[in-house]
Amino acid sequence: MRLASLRDVMFGYGDVPCLEEANVEIHSNEFVAVTGPNGAAKTTLLKLALGLLQPWRGTAEISSTNREGGKLVVGYVPQQIASFNSGFPSNVLEFVQSGRYGRGSWLRRMRKNDREAVEKALLLTDTLHLRNRKIGELSGGQKQRICLARALALSPDLYVLDEPTTGMDKESRARFYELMRNEVREKGKTVVMVTHHLSEVEPELDRLITLERKEESGWRCCTTTSCSGHFVPAGSLRC
Amino acid sequence: MLHYDFMQRAFCAGGIIALLASALGVYLLLRRQALMADMLSHVSLAGVAGGAYFHVNPTVTGFLVAIVGAITVEYLRRAYRTYSEVSVAIIMVGGLSLSVILMGLNKTLNVSFSSYLFGSVVAVNRTELLFMLATAIVGALFFYLLRRPLYLISFDEETARTNGLPVSWISLGFSVVTGMIVAAAMPIVGVLLVSSLIVLPASLAIRISPSFAAAVFVSMGIGLVGVFAGLSASYELSTPPGGTIAFVLLVFLVVGVTLKKALKKLGVRARIQTVQEETPATPSRVTRAE
């Protein structure tokens, strides 16, 4: 099932285009990485797919339903979001609990299953011991892990993660990739992740979206590569 | 002091506004809109001046203009997404210039107008008290029912939007409630100091509270104590209530932050001492020390 798509999308900032001819489809139950050099519009691509930005040209769509016909729940972790909000006066438990707010009514009280989901997310990200600490007191890697815990607590159908492993050590990154792989394989979730650690995550991926610079115009377009063990040279503009 | 009818009204109104304004302050600070209260109070002043000029109840016009200003700033904030403070500056300039013009045109301007600038306990009449009660009900319902969406929006609007929240509508509602609270707070602390009631308790609460929920309640507590202490001091010393309340809140902030820093230093020292006592001196360390 197609969860999100970009068709012939063109987008830019000011009057300078940064993304052109973007044709991307994200299907359910796949682990997709987005990669490319700095300034290659990776974050822009995610925001367009999520409907946070409107394309200049072309269409960007995100499904309103999941595979089971229920409401599509999206767990979005923006780039370095925790570092930007280090002064936020929240403790870790409150912050991760806020992930559950996207499930069901905004008005209902937290139930037993909500608390269990939160605790499980904290355990999976190895942040349970930090639950009473304030966000601002944590290190960069710990902040990133609690952001992931919040997304995990939501138990979304689609994870959209923008450089989620920033600040994490190699061991934490390996655990995280395995965790996301399990979410896809065992729970049927979908993961789209911007990463610069391609060699590390490569064995886990189903598909790779590469953003490249078009030398003659300075615009970028995307290519796709299948990732079952090793890469196939990218030639097509369609992902 | 509480034998006087006007002081009873002042304490009642002050209590209501302190609780609301301090809770609002936490959200405003976290949304990086600390100057919004200041801006809306200046806009509201234009409403008061307009009401006085056109012989309409200034409280009502001030209230309405503050809400219109809040809605306008929300739209401008979206237009100037990267530099949201620009929208604040634009509306503030507009509000202030309009008030100065209207005040200049009003030849019958009397001393009661200064009570809107600096606050006055006697300025709180029955109409204003009713406005405050209405604001209190709307504000309390808004903050209680939308506490979870507001938490998410305050942290990050984009994530909140991907969670399916109607961020634009909630932000608009937040701006309207902000306008209402600012307009309701004006008779007590005055236009020039209304932001103190909103920003100062929240600034301290954010620094000292262990959690978000605690920050909201601590801010409300600080605001309430500050307003009651300020009103009492104002009565005893015959000073303007707005300035006195703002000064008391400023003292609270300075003392609170200093105490927190001192306690932190003491805690670090105690921790270092414990670690030193627990770690036995090794021969190599002794050699290095020599």
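All values below were derived from every heavy atom in this structure, side-chain atoms included, with hydrogens, water molecules and symmetry-related copies excluded. Below, chains carry the letters A, B, ... as their sequence lines are ordered, and counting in each starts from 1.
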Look at atom [atom1] of [X] and say whether more than 12 heavy atoms of other residues, nucleotides or ligands are closer to it than 6.0 Å.
X: A:Arg111; atom1: CZ; value: no
X: B:Tyr144; atom1: OH; value: no
X: B:Phe143; atom1: CZ; value: yes
X: B:Phe217; atom1: CZ; value: no
X: A:Arg173; atom1: CZ; value: yes

Using the ring of each side chain (for Trp, its six-membered ring), is A:Tyr101 parallel, tilted or perpendicular to B:Tyr151, with breaks at 30° and 60°?
perpendicular
Using heavy-atom distances under 4.5 Å, tell me whether [X] contacts chain A through its side chain, its backbone, both, or neither.
X: B:Ala213; result: both
X: B:Pro210; result: backbone
X: B:Ser209; result: backbone
X: B:Leu152; result: side chain

Hey, are the side chains of [X] and [Y] touching, using non-hydrogen atoms and a 4.5 Å cut-off?
X: B:Thr162; Y: A:Val160; value: no
X: B:Asn163; Y: A:Val73; value: no
X: A:Ser90; Y: B:Phe155; value: no
X: B:Arg161; Y: A:Tyr76; value: no
X: B:Ile208; Y: A:Pro89; value: no

Is there a donor-acceptor pair under 3.5 Å between the side chain of B:Glu158 and the backbone N or O of A:Pro78?
no
Between the side chain of A:Lys71 and the main-chain N/O of B:Gly164, is any donor-acceptor distance below 3.5 Å?
no
Pick from A:Leu52, A:Asn132, A:Leu50, A:Leu72 with the largest number of heavy-atom pairs that fall under 4.5 Å of chain B:
A:Leu52
Could you walk me through whether B:Phe212 and A:Phe88 pass the ring pair (Phe, Tyr, Trp, His ring centres under 6.0 Å) test, one step at a time?
CA-CA 8 Å; B:Phe212 184 83; A:Phe88 202 77; 5.6 Å; yes
Does any heavy atom of chain B fall under 4.5 Å from the side chain of A:Ile62, the backbone, both, or neither of them?
neither
Rounded to the nearest 0.5 Å, how far apart are CD1 of B:Ile206 and NZ of A:Lys134?
8.5 Å
